[in-house]
Visitor: 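The following block contains the structure, expressed as structure tokens.
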Amino acid sequence: MRTVVDNKILSETRWVAALVIPFLVVAFIILFFFPGQTERLFAWKIQPSMSAMMLAAAYAGGIVFFAGVLRLKQWHRIKVGFLPVLSFASLLGIATILHWDKFNAGHISFFAWAGLYFTTPFIVLTVWLRNRNQDTGKSEDHDIIIPSTVRLIIGFMGAVTLVISLFLFIQPGIMLELWPWTLTPLTARVVGAMFSLPGLVGLGIALDKRWSAAKLILQSQTFSILFILIAAIRSWSDFDPENFGSWLFIGGLGLMLVSFIVLLVVMEKQINNLKAT
């Protein structure tokens, strides 16, 4: 029997979002508001606070994204986010195995962490494979095309971020010396997993010219970057001000945040003008 293609979000995709969101909310609260108490409250002791709060920022972006999965009706509006989530969850699962001795085995939060990252990659891959053929590739009414120059820039930024992600995960020893705050091999790999998210998001946006396909994941990334910058302000003492990487990190994220906000405002204004005509 031929599968009907109507750009819908399948029910199992929504179920995954509904199941993941509570984990993300709890982890965000612990890591962002109590970063100094991870040994007691979380699956593993994260030091310094900046590493904990940066992971919280990734979760904040995930909350926005998966809330959109529950709210929206068209698959193409959410599809760009699934492979980045798959990469993030897979790398964290691998990092857990590589650094098993660093985790609070027996703590309830560890069971939640291990359960999440040992199952989510397979679940996300399954729902992506099930849902991916729902996209016809056509633009919606009142949709607009992202300018090719913008997509090229976003794609380039994504490629650079992905390279950094790979170095952090595969060669954490090299990055320990270069990073603007103190990392361990485990936290380097966790940060690498986090960087894989925007890296693949950038490449995904570059490959899909529809604004409707980019909007939600850009909103998610904007939210995440905002919380990373707030975290940097709160934990500035963790940074080495003599390390050029500190200023490159803050400046790069600040520029990215402003650029994404401007892009969101400009593109939405064009959408509203199109609807008004």
Visitor: If you take all heavy atoms of Leu183 and Ser51, which pair is closest and at what distance?
Guide: CD2-OG, 3.9 Å

Visitor: Report yes if some heavy atom in the side chain of Val190 is under 4.5 Å from a heavy atom in the side chain of Leu91; otherwise report no.
Guide: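 They are not in side-chain contact.
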
Visitor: Rounded to the nearest 0.5 Å, how far apart are CE of Met50 and CH2 of Trp236?
Guide: 10.0 Å

Visitor: Can you tell whether the side chains of Lys79 and Asp208 come within less than 4.0 Å, N to carboxylate O?
Guide: yes

Visitor: Would you call Leu19 and Val16 a side-chain contact if the rule is heavy atoms closer than 4.5 Å?
Guide: no

Visitor: Just checking Phe103: does its CZ atom have more than 12 heavy atoms from other residues, nucleotides or ligands closer to it than 6.0 angstrom?
Guide: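 Above 12, so yes.
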
Visitor: Using side-chain heavy atoms (C-beta onward) and a distance below 4.5 Å, is Pro180 in contact with Glu242?
Guide: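 No. Closest side-chain heavy atoms not under 4.5 Å.
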
Visitor: Group every Ile, Leu, Val, Met, Phe, Trp and Tyr by side-chain heavy-atom contacts under 4.5 Å, then state whether Val163 and Val201 land in the same group.
Guide: yes

Visitor: Between Ile29 and Val26, is there a shared hydrophobic cluster once you connect ILVMFWY residues whose side-chain heavy atoms come closer than 4.5 Å?
Guide: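 Result: yes, single cluster for both.
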
Visitor: Ser212 pairs by side-chain hydrogen bond (donor to acceptor under 3.5 Å, both in side chains) with which of Arg77, His76, His142?
Guide: His76

Visitor: Around atom CZ of Phe118, are there more than 12 heavy atoms from other residues, nucleotides or ligands closer than 6.0 Å?
Guide: yes

Visitor: For Asn243 versus Leu178, what's the shortest heavy-atom pair and its separation?
Guide: ND2-O, 3.3 Å

Visitor: What about Ile145 and Val262, same hydrophobic cluster or not, with Ile/Leu/Val/Met/Phe/Trp/Tyr joined at side-chain heavy-atom distances under 4.5 Å?
Guide: no

Visitor: Salt bridge (Lys or Arg N to Asp or Glu O under 4.0 Å) for Asp135 and Arg210? Distances and angles first, verdict last.
Guide: CA-CA 12 Å; Asp135 184 13; Arg210 296 168 293 181; 2.7 Å; yes

Visitor: Would a hydrophobic clustering, with Ile, Leu, Val, Met, Phe, Trp and Tyr connected at side-chain separations under 4.5 Å, put Ile146 with Ile261?
Guide: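 Same hydrophobic cluster.
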
Visitor: Among Thr149, Leu203, Leu263, find the residue that satisfies the side-chain contact (heavy atoms from CB on, under 4.5 Å) test when tested with Ile154.
Guide: Leu263

Visitor: Under the 3.5 angstrom rule, does the side chain of Asp240 hit a backbone N or O of Ser246 as a donor-acceptor pair?
Guide: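 Judged by distance alone, no pair lies under 3.5 Å.
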
Visitor: Could you tell me whether the side chain of Ser259 reaches within less than 4.5 Å of the side chain of Leu255, counting heavy atoms only?
Guide: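 Leu255 reaches Ser259 side chain to side chain.
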
Visitor: Give, for atom OG of Ser90 and atom CG of Leu125, the distance between the pair rounded to the nearest 0.5 Å.
Guide: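 The OG atom of Ser90 sits 8.0 Å away from the CG atom of Leu125.
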
Visitor: Could you check if a side-chain atom of Arg189 sits within less than 4.5 angstrom of a side-chain atom of Leu98, using non-hydrogen atoms only?
Guide: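 Sidechains of Leu98 and Arg189: in contact.
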
Visitor: For atom CZ of Phe167, is the number of surrounding heavy atoms from other residues, nucleotides or ligands below 6.0 Å larger than 12?
Guide: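 Counting other residues, nucleotides and ligands, CZ of Phe167 stays at 12 neighbours or fewer.
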
Visitor: Quick check, are the ring centers of Phe110 and Trp113 under 6.0 angstrom apart?
Guide: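 Not close enough - the centres of the two rings lie 6.0 Å or further apart.
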
Visitor: Measuring from atom CG of Asp6 to atom CD of Gln134, what distance do you get when rounded to the nearest 0.5 angstrom?
Guide: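 Rounded to the nearest 0.5 Å, the CG-CD separation comes out at 5.0 Å.
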
Visitor: Is it true that, when you exclude Trp15 itself, more than 12 heavy atoms of the residues, nucleotides or ligands shown sit nearer than 6.0 Å to its CH2?
Guide: no

Visitor: Should Ile271 and Ile144 be marked as a side chain to side chain contact (heavy atoms under 4.5 Å, CB included) after you check the CA-CA gap, both sets of side-chain angles, and the distance that decides it?
Guide: CA-CA 7 Å; Ile271 289 285; Ile144 55 177; 3.7 Å; yes

Visitor: If you compare all heavy atoms of Ser220 against all heavy atoms of Val64, which two are closest, and at what distance to 0.1 Å?
Guide: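 So the two residues come closest at CA-CG1, 3.9 Å.
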
Visitor: Tell me, do Phe223 and Leu218 make a side-chain contact under 4.5 Å, heavy atoms counted?
Guide: no

Visitor: Distance from Leu168 atom CG to Phe195 atom CZ, nearest 0.5 Å?
Guide: 6.5 Å

Visitor: Do Leu86 and Trp128 come close enough that some side-chain heavy atom pair is under 4.5 Å?
Guide: no

Visitor: Could you tell me if the ring centre of Trp179 sits under 6.0 Å from that of Phe244?
Guide: no

Visitor: Answer yes if the side chains of Glu39 and Trp44 hold a donor-acceptor pair under 3.5 Å, and no otherwise.
Guide: no

Visitor: What pair of heavy atoms forms the shortest contact from Pro35 to Thr38, and how long is it?
Guide: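 So the two residues come closest at O-CG2, 3.5 Å.
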
Visitor: Count the heavy atoms belonging to other residues, nucleotides or ligands that lie under 6.0 Å from CD1 of Ile108, then report whether that count exceeds 12.
Guide: no

Visitor: Could you walk me through whether Met54 and Trp181 pass the side chain to side chain contact (heavy atoms under 4.5 Å, CB included) check?
Guide: CA-CA 12 Å; Met54 188 171 175; Trp181 68 86; 3.6 Å; yes

Visitor: Measuring only between side-chain heavy atoms, which start at C-beta, is Trp211 closer than 4.5 Å to Asp143?
Guide: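 Yes - at least one pair of side-chain heavy atoms lies under 4.5 Å apart.
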
Visitor: Pick one: which of Ile46, Thr96, Leu186 meets side-chain contact (heavy atoms from CB on, under 4.5 Å) with Lys102?
Guide: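 That would be Leu186; it is the only one of Ile46, Thr96, Leu186 passing the side-chain contact (heavy atoms from CB on, under 4.5 Å) with Lys102.
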
Visitor: Could you go through the side chain to side chain contact (heavy atoms under 4.5 Å, CB included) check for Lys73 and Ile9 one step at a time?
Guide: CA-CA 6 Å; Lys73 297 180 179 180; Ile9 300 174; 5.7 Å; no

Visitor: Of all the heavy-atom pairs spanning Ile205 and Arg151, show the shortest one and how long it is.
Guide: O-CD, 3.6 Å

Visitor: Ring centroids only, cut at 6.0 angstrom: are Phe82 and Phe65 within range, meaning strictly under it?
Guide: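 Yes; Phe65 has its ring centre under 6.0 Å from that of Phe82.
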
Visitor: Quick one: does Thr161's side chain have a donor or acceptor within less than 3.5 Å of a partner on Gly199's backbone?
Guide: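 The answer is no, because no donor-acceptor pair under 3.5 Å joins these two groups.
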
Visitor: Assigning hydrophobic clusters by single linkage (Ile, Leu, Val, Met, Phe, Trp, Tyr; side-chain heavy-atom cutoff under 4.5 Å), is Ile94 placed with Tyr117?
Guide: no

Visitor: Parallel, tilted or perpendicular: which fits the ring planes of Phe249 and Phe239, with parallel below 30° and perpendicular above 60°?
Guide: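 Phe249 vs Phe239 ring planes: tilted.
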
Visitor: Looking at Leu229 and Ile250, what are the two nearest heavy atoms and their distance?
Guide: CD2-O, 4.0 Å

Visitor: Is there a donor-acceptor contact under 3.5 Å linking the side chains of Ser87 and Ser196?
Guide: yes

Visitor: Parallel, tilted or perpendicular for Phe28 and Phe32, by the 30°/60° rule?
Guide: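 Judged by the thresholds at 30° and 60°, the geometry between Phe28 and Phe32 is parallel.
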
Visitor: Rounded to the nearest 0.5 Å, how far apart are CD of Gln47 and CG of Asp238?
Guide: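 Spacing of CD (Gln47) from CG (Asp238) equals 9.5 Å.
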
Visitor: To the closest 0.5 Å, what do you measure between CD (Glu268) and CD (Gln219)?
Guide: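 CD of Gln219 is found 7.0 Å from CD of Glu268.
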
Visitor: Please check if the number of heavy atoms outside Arg234 that lie under 6.0 Å from its CZ is greater than 12.
Guide: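 Check passes, neighbour count above 12.
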
Visitor: Going through the distances and angles, do Met256 and Gln221 end up as a side chain to side chain contact (heavy atoms under 4.5 Å, CB included)?
Guide: CA-CA 10 Å; Met256 195 177 296; Gln221 289 297 292; over 6 Å; no

